[in-house]
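All ligand and atom numbering here is 1-based and tracks the order in the structure. The shown structure was predicted, so the numbers you read here are calculated from the model rather than taken from an experiment.
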Amino acid sequence: MSDRNYLVLLGAPGAGKGTQAQLLQEKLGLPQVSTGEIFRYNLKNQTELGKLAQSYYDKGELVPDEVTIRMVEARLEQEDAAQGAILDGFPRNLVQAQALDEMTAGHGGVDVVPMIQLDDDVVTMRITGRRLCRSCDRVYHIMFNPPRGEKCDSCGGELYQRNDDKPETVQNRLYVYYKQTSPLIGYYFAKGLLVEVDGAGSIQEIQEQLLGRLAARNIEAAGRSVRV
Ligand code: ADP
Ligand code: ADP
Ligand code: ZN
């Protein structure tokens, strides 16, 4: 039975998953669950989880599965995820994908996996110009999606560049993506859940494309549908 909707956004670091997930959550009435964001929160507050994740995060390596899976499981049990969730940054390897299947099995499993495609050179430009709001995590880009002033448009918070968005770490993150995460494309394709989205347009164009794909999915996959 599919009483909950689980979307998994796939794509290289910088492909636009977080940006699209932030917009999608209002339209779908489902929360964005970003593992990167949860790690950043824990790093900022120097919790046990943060201390554990720090060295992996700083190098652009994956935080160990056991920790990450437990963290997602707890997040999906929270009340705001009672209808499902938009997963952004999880799963990132096959072990995590299988764990997600188990976690969601009682609710019909994962419903749809939009894959945002973008060339590596564009991805690199996107990542190196990325800035985040320290208070509300809103994502900006110094050239492509700048704030109106110096501070966050939404909350007036300070903007900063992630440590792992500096060029030294970006190469390794792309390597980790191709080696560990890209096999998930085949994994979800084989399950008939993958939908490809061209990540090269404007934020608005991609959002429309994405909503169109989800709507089409709704018609094709009756009973396991995403409400749009
Ligand atoms: P991006 O948005 O650029 O893809 P994220 O914010 O999703 O980056 O992730 C930042 C870092 O957080 C990763 O490089 C990794 O260290 C850690 N992380 C995020 N999600 C996961 C995950 N599913 N498994 C392990 N580590 C993760
Ligand atoms: P991911 O979550 O996949 O790592 P983000 O959503 O954080 O990617 O986007 C990476 C960077 O690219 C951010 O600085 C964001 O503002 C910018 N960005 C996202 N989508 C687009 C787009 N369609 N066109 C131009 N820049 C974009
Ligand atoms: Zn803000």
**Report entry** Sidechain-backbone polar pair: Thr124 side chain, Asp120 backbone, donor-acceptor under 3.5 Å
**Finding:** yes

Requested in this report: Check ligand 1 against Glu61 and write out every atom of the ligand that is under 4.0 Å from a heavy-atom position of the residue.
Outcome: 15 (C), 16 (O)

Query raised in the report: Do any protein N, O or S atoms sit under 2.8 Å from the Zn ion (ligand 3), and which ones are they?
Result: Cys133 SG, Cys136 SG, Cys152 SG, Cys155 SG

Report summary line: ligand 1 atoms nearer than 4.0 angstrom to some heavy atom of Thr35 are 19 (C), 20 (N), 21 (C), 23 (N)

Query raised in the report: With clusters built from Ile, Leu, Val, Met, Phe, Trp and Tyr whose side-chain heavy atoms come within less than 4.5 Å, directly or transitively, what are the remaining members of the cluster of Leu174, listed by chain and number?
Result: Leu118, Val122, Val123, Ile127, Val170

Query raised in the report: For ligand 1, is there an atom lying under 4.0 Å from some heavy atom of Arg40?
Result: yes

Requested in this report: Mind jotting down which protein residues get a heavy-atom contact under 4.0 Å with ligand 2? Chain and number order, please.
Outcome: Ala12, Pro13, Gly14, Ala15, Gly16, Lys17, Gly18, Thr19, Arg126, Arg130, Val139, Tyr140, His141, Phe144, Asn145, Gly201, Ser202, Ile203, Ile206

**Report entry** Heavy atoms of other groups near Tyr56 OH, more than 12 under 6.0 Å
**Finding:** no

**Report entry** Residues, nucleotides or ligands: over 12 heavy atoms within 6.0 Å of Tyr175 OH
**Finding:** no

Requested in this report: Verify side-chain contact (heavy atoms from CB on, under 4.5 Å) between Leu23 and Leu210, making sure each step is shown before the conclusion.
Outcome: CA-CA 11 Å; Leu23 294 170; Leu210 199 46; over 6 Å; no

Query raised in the report: Has Glu26 got more than 12 heavy atoms of other residues, nucleotides or ligands less than 6.0 Å from its CD?
Result: no

Requested in this report: Answer yes or no: does an N/O atom from Asp164 fall short of 3.5 Å to an N/O atom of ligand 1?
Outcome: no

Query - Point-to-point distance, once rounded to the nearest 0.5 Å, from CE of Met103 to CD of Glu77 - result: 9.0 Å

Query raised in the report: Checking His107 side chain against Tyr6 main chain: does a donor-acceptor pair fall under 3.5 Å?
Result: no

Report task. Report the distance from atom CZ of Arg40 to atom CG of Leu132, rounding to the nearest 0.5 Å. Result -> 5.5 Å

Query raised in the report: For ligand 1, which atoms sit closer than 4.0 Å to a heavy atom of Gln96?
Result: 22 (C), 23 (N), 24 (N), 25 (C)

Report summary line: d(Met71 CE, Leu49 CG) to nearest 0.5 Å is 6.0 Å

Requested in this report: Could I get the full list of side-chain hydrogen bond (donor to acceptor under 3.5 Å, both in side chains) partners for Asp198, not counting sequence neighbours?
Outcome: none

Report task. Quick one: look at Tyr57 and ligand 1, take heavy-atom pairs under 4.0 Å, and tell me if it's side chain, backbone, both or neither. Result -> both

Query raised in the report: Considering the options Gln32, Gln209, Gln207, which one meets the side-chain hydrogen bond (donor to acceptor under 3.5 Å, both in side chains) requirement together with Gln20?
Result: Gln207

Query raised in the report: Could Arg131 and Tyr140 be counted as a cation-pi pair, given that NZ or CZ must be under 6.0 Å from the ring centre and within 45° of the axis?
Result: no

Query raised in the report: Any idea which part of Thr68 is under 4.0 Å from ligand 1, heavy-atom wise: side chain, backbone, both or neither?
Result: side chain

